[in-house]
Student: 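Have a look at this one before I ask anything.
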Amino acid sequence: MKHLILILSCSFSLISWAQQGGSHTFSFLNLEGSARIAGTGGSMSSVHDGDVAIAFANPSLMDSSMHGALALNYINYFAGVNYLFAGYAHQVGDYMVGGNLMYLNYGKFQRTDEFGNIIGEFTGNDMVLSLSAAKEVEENFTLGTNFKIINSVMDIYSSFGLALDFSGNYHNAEKGFSASAIIRNVGMQLSTYTSDNREPLPFGIDIGFSKKASKAPFRIHVLLKDLQRWDLTYEDPNAEPEVDFNGDPIEVKPPGFLEKAMRHVNLGVEMVPSEAFFLSMGFNYRRRQELKYENRPGLVGFSVGAGIKIKRFRFSYALSSYHRAAGSNHISISTNILSPRAKK
């Protein structure tokens, strides 16, 4: 537990130099790759139950039970965009090592001249190769890291970068409790799309908790996300002032403490009557506030998921609502191609 406290201390010390606003490049690094993560609103980053698909997002979750584990994740996103995660984990001595590849294909776009005449087509894609390592440094506590090689191409423009993730996980199987601290995307853009336009990476600091009820088939997940920046609210500089029926301007109150705090919170719950089946639901408050229609928010920000384990195969599906008109579909399949080893 003292190691987890050290990770948290280091995390908050990084807040002083983390970017505090503006844009960043390689935003696709924040996409959810696992259906179980998506099904809990992005909150599941610390559960310690042998699911290798989650471990690729938090390498400190890797343990010897994942020796030979293979995971495939397909995501049907929006506007014809599709992306794929594929990864494998292996035990080497006292270390767990692994690798995973994320590939996004944006499809074909029409190329036009300045008059709008179609003169051809072009394509775009992003790719991230991650190499992972983890080691249990003391009983119930594991440290892990991801080394990311990033490449992005859009037509004739391309960019290349490197990044690191650092994480620590504490788990207590008897109490059904797990906690993680994650530092994401520490790195830089080595080559830029255009000259003299270097941008920061989507750096982030997250803290997650998972707790299984002792006498009920439920597991609760809480993720405190992007703690490197307190105010995640956005004020549209182009927004027109609203007026009432008398033509008087309506006062817009600035976001308060609770609104700013909730922008960091993702919540999820799983019903797990057995190790072979689960149902999940999640809520992402920031996503809801940023993407909803003001008068008809619908289910924006909510997500649902389900999964089943058949022999050595684990199948998971999730639907995340980003907009009233559509959601993203996530499908994950994982298995073990070698004989799994008992957890240490």
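Everything numeric in this text was worked out from a predicted model, so none of it was measured. Along the sequence shown, residues are numbered consecutively beginning with 1.
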Student: Under the ring-ring contact (aromatic ring centres under 6.0 Å, His included) rule, what do Tyr83 and Tyr77 come out as? Steps first, then yes or no, please.
Tutor: CA-CA 7 Å; Tyr83 64 99; Tyr77 216 43; 5.6 Å; yes
Student: Whether the side chain of Ser178 engages the backbone of Ser46 through a donor-acceptor N/O pair (distance < 3.5 Å, no angle test) should be reported.
Tutor: yes
Student: If the condition is side chain to side chain contact (heavy atoms under 4.5 Å, CB included), which residues does Ala276 pass it with, not counting sequence neighbours?
Tutor: Ser274, Lys309
Student: What is the ring orientation for Trp230 with Phe257, classed by angle as parallel under 30°, tilted 30 to 60°, or perpendicular over 60°?
Tutor: tilted
Student: Does Phe122 offer a backbone N or O that forms a donor-acceptor pair with the side chain of Asp155 under 3.5 Å?
Tutor: no
Student: Using atom types as modelled and distance alone, determine if a side-chain donor or acceptor of Ser303 lies under 3.5 Å from a backbone N or O of Ala38.
Tutor: yes
Student: Applying side chain to side chain contact (heavy atoms under 4.5 Å, CB included), name anything that partners Leu72, two or more places apart in sequence or on another chain.
Tutor: Ala86
Student: When you look at NZ of Lys260, are more than 12 heavy atoms from neighbouring residues, nucleotides or ligands closer to it than 6.0 Å?
Tutor: yes
Student: Considering only NZ, NE, NH1 and NH2 on the basic side and carboxylate oxygens on the acidic side, decide whether Arg287 and Glu32 come within less than 4.0 Å.
Tutor: yes
Student: How about Tyr157: does its OH atom have over 12 heavy atoms from other parts shown lying under 6.0 Å from it?
Tutor: no
Student: May I ask you to decide if Gly41's main-chain N or O and Asn266's side chain share a donor-acceptor pair within less than 3.5 Å?
Tutor: yes
Student: Using the salt bridge (Lys or Arg N to Asp or Glu O under 4.0 Å) rule, collect all pairs that involve residues 268-280, keeping only residues at least two apart or in two chains.
Tutor: Arg36-Glu270, Arg219-Glu270
Student: Do other residues, nucleotides or ligands put more than 12 heavy atoms under 6.0 Å from the CE atom of Met154?
Tutor: yes
Student: So, are Arg263 and Asp231 salt-bridged, with charged N and O less than 4.0 Å apart?
Tutor: no
Student: When Ile, Leu, Val, Met, Phe, Trp and Tyr are grouped by side-chain heavy atoms lying under 4.5 Å apart, directly or through other members, which residues fall in the same group as Met44?
Tutor: Ile37, Val47, Ile54, Leu61
Student: Whether the Ser45 and Asn58 side chains hold a donor-acceptor pair (N or O, under 3.5 Å, no angle test) is what I'd like checked.
Tutor: no
Student: Is it true that Thr40 and His221 share a donor-acceptor pair across their side chains at a distance under 3.5 Å?
Tutor: no
Student: Test your reading of the model: is there a side-chain donor-acceptor pair from Ser167 to the backbone of Ser60, 3.5 Å cut-off?
Tutor: yes
Student: According to the salt bridge (Lys or Arg N to Asp or Glu O under 4.0 Å) rule, which pairs have a member within residues 164-185, sequence neighbours left out?
Tutor: Lys148-Asp165, Arg184-Asp206, Arg184-Asp226
Student: I need the full list of ring pair (Phe, Tyr, Trp, His ring centres under 6.0 Å) pairs touching residues 281-310, with sequence neighbours left out, sorted by first then second residue.
Tutor: Phe283-Phe302, Tyr293-His323
Student: With sequence neighbours left out, write down each residue that passes ring pair (Phe, Tyr, Trp, His ring centres under 6.0 Å) with Tyr106, or none if nothing qualifies.
Tutor: none
Student: Please indicate whether Phe160 has more than 12 foreign heavy atoms, meaning atoms of other residues, nucleotides or ligands, lying under 6.0 Å from its CZ.
Tutor: yes
Student: What orientation do His48 and His171 show, parallel under 30°, tilted 30 to 60°, or perpendicular over 60°?
Tutor: parallel
Student: Excluding sequence neighbours, so at least two apart, what forms side chain to side chain donor-acceptor pair (under 3.5 Å) with Ser159?
Tutor: Gln189
Student: Going by side-chain heavy atoms closer than 4.5 Å, which hydrophobic residues are tied to Ile119, directly or by a chain of links?
Tutor: none
Student: Determine whether more than 12 heavy atoms belonging to other residues, nucleotides or ligands lie under 6.0 Å from atom CZ of Phe78.
Tutor: yes
Student: Hey, is the main chain of Leu224 close enough, under 3.5 Å, to the side chain of His264 for a donor-acceptor pair?
Tutor: no
Student: For residues 65-92, pull every pair meeting salt bridge (Lys or Arg N to Asp or Glu O under 4.0 Å), keeping only residues two or more places apart or in separate chains.
Tutor: none
Student: Could you walk me through whether Phe26 and Phe28 pass the ring-ring contact (aromatic ring centres under 6.0 Å, His included) check?
Tutor: CA-CA 5 Å; Phe26 303 148; Phe28 53 87; 5.7 Å; yes
Student: Can you classify the ring geometry of Tyr88 versus His90 as parallel (below 30°), tilted (30 to 60°) or perpendicular (above 60°)?
Tutor: tilted
Student: Between Asn140 and Glu138 (side chain of the first, backbone of the second, donor and acceptor by atom type, cut-off under 3.5 Å), is there such a pair?
Tutor: no
Student: Tell me if the CE atom of Met281 is crowded by more than 12 foreign heavy atoms within 6.0 Å.
Tutor: no
Student: I'd like to know whether Thr145 forms a side-chain contact (heavy atoms from CB on, under 4.5 Å) with Leu164, so could you lay out the CA-CA distance, the side-chain angles of the two residues, the decisive distance to 0.1 Å, and finally the verdict.
Tutor: CA-CA 7 Å; Thr145 184; Leu164 288 168; 4.3 Å; yes
Student: List for me each residue that meets side chain to side chain contact (heavy atoms under 4.5 Å, CB included) alongside Ala35, sequence neighbours excluded, and say none if there are none.
Tutor: Ser316, Ala318, His330, Ser332
Student: List the residues meeting side chain to side chain contact (heavy atoms under 4.5 Å, CB included) with Ile118, not counting sequence neighbours, and say none if there are none.
Tutor: Gln110, Thr112
